[in-house]
Every structure is written in structure tokens, then in C-alpha cells.
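Worksheet: one structure, shown below.
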Amino acid sequence: MQNFLETLNHPQQQATTTVKGPMMIIAGAGSGKTRVITYRIAYLMQNGVDPFSILALTFTNKAAKEMKERIEHIVGADKARSLWMGTFHSVFSKILRIEAEKLGFPTNFTIYDTDDSKSLLKSIIKELGLDEKQYKPGLVYNRISAAKNNLLSWKAYNANEEIQREDKLSVKPQLGTIYKIYQQRLFQSSAMDFDDLLFNTNILFRDFPDVLLKYQHKFKYVMVDEYQDTNFSQYVIVKKLAAVNENICVVGDDAQSIYAFRGANIQNILNFKKDYPDLKVFKLEQNYRSTKIIVKAANSIIANNKAQLKKEVWTQNDEGEKIDVLRAFTDNEEGQIVASSIFETKMNETAQHSAFAILYRTNAQSRAMEEALRKQNIPYRIYGGLSFYKRKEIKDLLAYCRLTINHNDEEALKRVINYPGRGIGDATIDKIMVAAANNNTSMWEVLQQPAYYQVNINQGAINKLNDFAEMIKSFAAIANTQTAFDAGNHIAMQSGLLKELYNDKSPEGVSRYENIQELLNGMKEFSENDVQDLVVQEVETQTRFLKDYMQDIALLTDDLDDKDGDNNKVSLMTIHAAKGLEFPYVYIVGVEENLFPSQLTINSLDELEEERRLFYVAVTRAEKRATISFATSRYKWGNLTACEQSRFIDEIDADCLNYKFGNNSAAANNGFFDDLDFSSSKEGWGNKYKQRTDIGTSKFSNANQTAKTPPKPAFAPPKNLTKLSTAANKTGSEIQGDDTRNLAVGNNVEHQRFGIGIVEVIEGIYPNQKATINFTEAGQKQLILKFAKLKILG
DNA sequence: ACCGTATTCAGCGCG
DNA sequence: TGAATACGGT
């Protein structure tokens, strides 16, 4: 039982077995943080602590799930199940449902997601007759969100002179009014947005001391993961909950704080000592993930930040290879270079596609990468795209379910009242909305008795509304007696939704139909009690109703694996999305001034430091090898813009870098990488460069560029750049290809560096052929023929 | 009510 | 550039 401790290093052990009193674990990148948290919880349980009295808060569902599974392995499923572990939002939404009526909410309140919130804001802005360009729903949402995360109610917001001044200066004086109406409408709809889940928890704990006391005594041990990303609202909740027992353990890494832009407060971790003078601090500094080079590079990056806790990350791992720095002339070419590099590395080191990740600063950069990967037939998966639960058809069915559970849910009602079409048009809906607002009631109330609320509509519309209301009521009756799946299935069919999709025979329509089936499958699983509760597993085994299913559906994010079952794909994602993940080979692309660091941050030291931490996060995702690339021109908002390499590259210890600048695009894509493991070659890039200049066909060659550290390109992108590079690539490819087109198994060949060998296997179709060659000196190698320059010896 | 065209906008995104 | 949405014509 206890021997899991033996697998830990000294600081890890200390952090794991210290359980009383306030403590902070500063966990460097790749330092085994998750192991420490999970072992610590297991250790608590093994020492007689009731799992019900342990609260562990994470930032993502994924992290919670992962840790819970690990704990299960150590202490068993039964015990692990009783643990309170989940995201802030899921844990406190659960508590809010239990205590809802104290705040005047029903237990079955709806959780509005960002789209619901923005849609509500949009209608409020419209109703107030405000200019939608002046009050963009997204910006208004962010402003309100920031206020809530700083525990500013709409009243406080409007009473705060400084805020009012700010809003007037930014020509948005009505923000406070919008905030007020927004909250009223949420309440009217029995709904809370994401920020309300935390804000209202604070209200609950502030106004109901007995409730607070109950949870203070319940949660004797509190742990918070990713503490550097907590905002003020979360900070106050944690502080209050831990105030009685003070068994509070926070885990984080100030160097990886990358969410200040949405309210996370790095001061929470930097100031933790002030809150708890007798705080114990543990530092996990040994990195188990990355090579020495990567750790050294990362340390040299973060050393440029002023605000940081002292920490020395080191590793016993191998030295590893230097970080390649690749330059392309365009964003498209950057994609080609990266894709080629992945292809080669995969072949040369027999790596899986899933060993690679391409990380970028902005989502817009994914397009060039995708195109290049597709051209080379490299399978990939984009993370952070449209999630399952954000698809229209899924939201439609869920909206019916939401309305069934909570008739006051206005956003759900607006979504489905005329979809599928039932002749209730915009005019009618507008009238109902106005009447609801005037009478301070919900649309549901109004549409049931439009005459009473003096809505001026004809009998036809009244009948249709009546039919709709009756249908929703019949759904509710079924939802109260049958399982979640049976109710969901009934709703999908009787609402006409399924039929609507079934009749659409286009590929998209078929896919939507399948998605609905998929959602129903999920409901079925849930109904059969196969699904673990997000926070704590209920012990009861009674019927699982639709209302149970709907409880945290808004809080779910799908981390589903690809449906085709093939997860052996290159991962593409933003650096933000990559946090917490690791890959053997990591490509960080678009490392250019004004992109990374982003143009919007370079005038603020704090924001620039956050960008630098983001870069630190990116580099530390790599286990074996990191590669950095940038382009000297790229399309921004439709315009070809000149770019130069990022200051962040210059900040990396020069010993860690290996500049691999081709002289032109053709060489970069075809000739330059022909020695597959060139990066370990002693030749250095300068010689290499000279060797290759003769291959180049591009007009942009610059033969004078031989300095050790390449100068920053003063580069004005020529017109038709893309076309020219493409033509150059083609030429290069043909030159290479002719040598090996007729290569056959059994041929003797000579390679420039590996010497003489015999061809054993040829795979693939020209020009993408791969050969296994047994070299007399160098042994067996896998080479890509279009890159490897082989001489056939007959 | 619906569809095609014009216009607009573009930062990262947990829950 | 290209996706999302607003608008205007039928």
C-alpha cells in the first residue's frame, strides 16, 4: 500500500505526506505534479481521512477525470468515488443546486453557456435601442464577466464612480444598465451563467453563515490545482472554505500562468504567503519530461520575466537535440516545411503520428498547417474546434430538454419555439418578449395566456402557441416518470427534430442525424447508470431522470477521442489548449514579432510577460525535441504582411538552438532536409547551406548569408510569392525524383553520408516512396526517396 | 418565408 | 483570406 511513496523523489515525498496546515506546491513543468496530487489524496485516505471530507478543485474536467482514475487505481473505485473532485464550476453548481432556494432559484436552474449569454445580451442591447457596433455582445459579456469575477454585483458596478467614468470614456455608458437587465433576465429565466456559479456561491457563503459553516466542516482538506489560474472570485471561495481547518494545499506554477487575460490573478499565488504566515512551501524542480536542452532553453526563456517565484528546474534526462529553428517565406511554406519535417522524423525515428504536436498562437494559423498535412497525407486532429455540444443539432435537442426541465429558460425557448417550423414567426415572438418584459414575467407565462397579457395576435397564432405549450408540458410529464434516455428519445421524435434531420439527405444532414443519435446514446448510458458523476458519484441507484442528465450538461466539454477510432494523428492546437499535455516532438509555429508575442501585448510589460510564459509553456510540452518555425511573410486579414522572427527566439540560450535556414523555399522544402538526421551532424548549418545553394531555383536566394546567427531578415515580400515558391518546389522535386524513380529492391545504392547499402524494402507510391536500406557501415535506415539523394550503383 | 449576395470582422478560451 | 451574419430582393 505504502510503496507508491518509494517511487517519488524527496520533495515529492515531502509534499505528498505533509497533510496538515496551509501549504503550497510550486510544481515546475513536467515535475510530476499530477502524481503528487493523486498520491497525496490517496495518502490522506489511507491514513483514515474520509473521502467525503476531501475537496479537490481542478480547472478542467479532463484533469479531474484523469486524477480520479489514477486515485481509483491506488485506493479502489469505491473510495475514490466518494471524493469531491471536479472543476470549480461543477463542484459549486452542485452545491448551488442543493442550496438554490436560499438564493431564490429553483433546484433545476439552467446553466447558460457563453452562446446563451451572448444571445441574451444581444436581445437586451436591441431592446434598449443601443447600437450593436458600440455594444458588441462579446465585449459586453467580457466586461460583465470581469465584474463578476471580481465580485462586483450590478449594483456595485453602477455605484462605482471609477467604473462609470471608464465606461463613459469608452463611449459605453450603458454597460451598467445592460448588466442590471442581464441579471434580471437570468433570474427571470431561472438561469445562471458560468460566472454566476462562482459569484452566487460567494453570495451564498456571505449571506448564509450557517451554510458556509456546514461546508467548512464538511471539507476538512482542500486542494486546488492550477492555482495560478484562479480568479478573485475563486480565491475568495477557497479562502472561506479553508478558514476553519486551514488544511489547504494549493498547487501551481507561476511560470505557467497564461490566463490573466480572462481574469486569472497571478497575485493569488505570489501572495499566498501573506494569507498564511505559517505556510509550508514545497518545490518540485526535477523535470521528468524533457531533455536537458529543452529544460535549459525553457529556463533561459522564463529568466527574462521579472515577476516570478524562485525556482530551478533541472533534469536527469539525456542531453537531447538542439531546438531547430526553421524559416519559411510564407505561412503556406511554413506548413510545408513543418509537414516535411514531421514526415521525415516519423520515418527516420519510426515515430507514431500521435507523437507530434503543432502548436500555434492563434487558431487562424491552423489552416496553412492543415493544408500542408493533407498534401502529404499526414493524418491530423485539430483540438479546440467545434465541440460536440456546440453543434447546432445537439444544442437544438438540448434546448428542448432544457425547456422541458425549466419552462422559464428563455434562450432555450427562443431557440426551439419555431424550429422545426410551426408557424410562430418573429413578429409573434417579439410581441411575446415585449409583453414578458413589460409584465416582469417569463415568455413561457405569456405564451400560455397571451390574451391575459394583452398580446395583440390573431387566433391562429394563439392556437399554435397553445399547441407548443401543450407539447412541452407533455414532455415534462414524461420526463418526470421515465428515464433520461426514454424522455430524450421521445422529445427528439415528438418535437419533429429527428424527422426534420432525417429528411435532409445531404451529407451534413446525415451527419447531424447521427450526432443526435450519438447524444441519445449518451443519455442511454447515463440512464443505465454507467456514467460517473462529474463531482461525486451518487450512491442511489434509482431512476436517472432527464433533470439529472441536464444538471451538468452545460459544464461538459467533450474530450471524446476521434469517432473513427484512429487516434494516431498529429495534434494541432493553440498553445493555450496544449497546457498540461506533452508530446515527444513539438513544433511551435509562427514565432514572429506581432504574432507571438501578439501585437496587442507588446506595449504592456505584464502582458508581454504573459506571452513569454505562454512561450515557456509551449517549449516545455516537448519531451524529445522541440522545433520552432516562423515565416517572413504571412496573410493577415487578407493582406500579405512582412514578418520578422520573434524576440523570444533571441531570448533562448544560443547553445540550445540550431538555425536551419534554407536559402530559398525550394531548398527548404526538398533539398535541405535530405539528410534525415542532419540536426546531429557536425557540419553546422553554414556548410550545409553552401552545399545546397546549387539546387535552389528560387529567385530569392541570398548566398551571402553565412553568419552563425542569421541576421533578422529585412524582407519585403514580393508579389506572387506563393506562386513562385510553389513552382520552385515542383522543379526541385522533379530533380530529386528522377534519380530514384526506377529504384528496385536489391539495388545497391550509395548515400552521401550513410555510404553503400542494399535496398531491402520499397513502400508507398512515387513520389512519396520510402525505402528500407541496409547500409554496410551505418546499418538499417528508412529513407524517403524524394529527399534522400541516392546514387544507384546497379 | 427564404435565399443569395454584401458586408463586416478578425486574440488566446476553462466552465 | 474566409467565416458569419445582415440585408435586400423575390
Side-chain angles (χ1 to χ4, degrees), chain A residues 57-64 86-94 111-119 122 126 132-133 136-139 141-142 145 148-149 192-199 201 225-226 228-231 233-234 257-264 330-332 359-368 371 383-387 389-390 392 418-419 421-427 534-535 552-559 573-580 590 594-602 607 610-611 613-615 617-618 634-641 722:
Chain A
L57 297 167
T58 63
F59 260 79
T60 61
N61 288 313
K62 200 179 161 201
T87 62
F88 273 89
H89 292 87
S90 58
V91 166
F92 295 110
S93 76
K94 195 153 203 96
I111 298 169
Y112 273 8
D113 68 16
T114 314
D115 289 343
D116 296 319
S117 298
K118 285 182 186 166
S119 153
K122 203 173 169 182
K126 223 175 192 171
E132 271 194 56
K133 279 164 197 159
K136 289 180 198 159
L139 291 177
Y141 176 79
N142 287 340
S145 171
K148 287 183 188 174
N149 288 333
M192 296 188 195
D193 69 13
F194 287 138
D195 301 310
D196 284 337
L197 296 175
L198 307 173
F199 185 90
T201 300
D225 188 17
E226 306 281 14
Q228 76 280 356
D229 288 339
T230 50
N231 58 40
S233 180
Q234 291 164 322
S257 163
I258 54 174
Y259 284 115
F261 73 90
R262 63 166 194 232
T330 65
D331 44 4
N332 287 327
L359 309 182
Y360 34 79
R361 178 66 180 79
T362 66
N363 277 312
Q365 291 166 255
S366 76
R367 186 196 50 84
E371 265 172 33
Y383 289 76
L386 196 59
S387 103
Y389 294 102
K390 283 193 169 161
K392 182 185 177 300
N418 198 31
Y419 181 79
R422 44 177 75 88
I424 305 175
D426 290 346
L534 266 181
V535 184
D552 342 72
I553 203 78
L555 300 175
L556 281 185
T557 42
D558 55 334
D559 54 351
M573 64 186 89
T574 63
I575 300 162
H576 283 91
K579 193 174 171 197
N594 296 331
L595 179 59
F596 195 12
S598 152
Q599 198 167 6
L600 300 144
T601 64
I602 51 182
E607 288 182 76
E610 175 147 319
E611 293 282 295
R613 292 193 294 270
L614 192 58
F615 190 51
V617 167
R634 81 171 54 240
Y635 277 95
K636 283 181 185 169
W637 307 303
N639 295 317
L640 193 59
T641 319
T722 318

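Here the structure is a predicted model, which means the values were calculated and not measured. Throughout, protein chains are lettered first and strands after them, A, B, ... in sequence-line order, and every chain is numbered starting at 1.
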Whole-Å distance between [N] [atom2] and [X] [atom1]?
X	N	atom1	atom2	answer
A/Q599	B/dC12	CD	C1'	15 Å
A/Q365	C/dG2	CD	P	16 Å
A/L600	B/dA10	CG	P	11 Å
A/F59	B/dG15	CZ	C1'	10 Å
A/E610	B/dC14	CD	C1'	14 Å
A/E371	C/dG2	CD	C1'	12 Å
A/K62	B/dG13	NZ	C1'	15 Å
A/L595	B/dA10	CG	P	16 Å

Query raised in the report: Does the A/D196 side chain pair with the main chain of A/F199, one donor and one acceptor, at a distance under 3.5 Å?
Result: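 No, because the side chain of A/D196 does not come within donor-acceptor range (under 3.5 Å) of the backbone of A/F199.
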Query - Pi stacking test for A/F261 and B/dC12: under 5.5 Å apart, planes under 30° - result: yes
Using the side-chain heavy atoms of [X], tell me which of these nucleotides is nearest: [options].
X	options	answer
A/R262	B/dG15, B/dG11, B/dG13	B/dG13
A/H576	B/dG15, B/dC14, B/dC12	B/dC12
A/T60	B/dG15, B/dG11, B/dA10	B/dG15
A/S598	B/dC12, B/dG11, B/dA10	B/dG11
A/Y259	B/dA10, B/dG13, B/dG15	B/dG13
A/F194	B/dG11, B/dG15, B/dC14	B/dG15

For [N], take OP1 and OP2 only and decide whether either is under 4.0 Å from a side-chain N or O of [X].
X	N	value
A/N363	B/dG13	yes
A/T574	B/dG13	yes
A/N61	B/dC14	no

Have a look at [X] and say if it touches a base, only the backbone sugar-phosphate, or nothing, with a 4.0 Å heavy-atom cut-off.
X	value
A/E611	base
A/S93	nothing
A/K122	sugar-phosphate
A/D195	base
A/T362	sugar-phosphate

Requested in this report: Could you tell me whether the side chain of A/L198 reaches within less than 4.5 Å of the side chain of A/T201, counting heavy atoms only?
Outcome: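 A side-chain contact under 4.5 Å is absent here.
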Query - pair A/F92-A/T87: side-chain heavy atoms closer than 4.5 Å - result: no
Query raised in the report: Is there a donor and acceptor pair, one atom on the side chain of A/S90 and one on the base of B/dG15, closer than 3.5 Å?
Result: no
Query raised in the report: Going by atom types only, do A/S145 and A/D195 share a side-chain donor-acceptor pair under 3.5 Å?
Result: yes
Query raised in the report: If you pin A/K133 and A/Y141 to their nearest nucleotides in DNA chain B, which one's is more 5'?
Result: A/K133
**Report entry** Given DNA chain B, 5'-ward residue of the pair A/A554 and A/G425, judged by closest heavy atom
**Finding:**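 Of the two residues, A/G425 wins.
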Query raised in the report: Within 45° of the ring axis of A/F59 and under 6.0 Å from its six-membered ring centre, is that where the NZ or CZ of A/K579 lies?
Result: no
Requested in this report: Using the six-membered ring wherever Trp is involved, compare the ring planes of A/H89 and A/F194 and label them parallel, tilted or perpendicular (cut-offs 30° and 60°).
Outcome: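 Perpendicular: the ring planes of A/H89 and A/F194 meet at over 60°.
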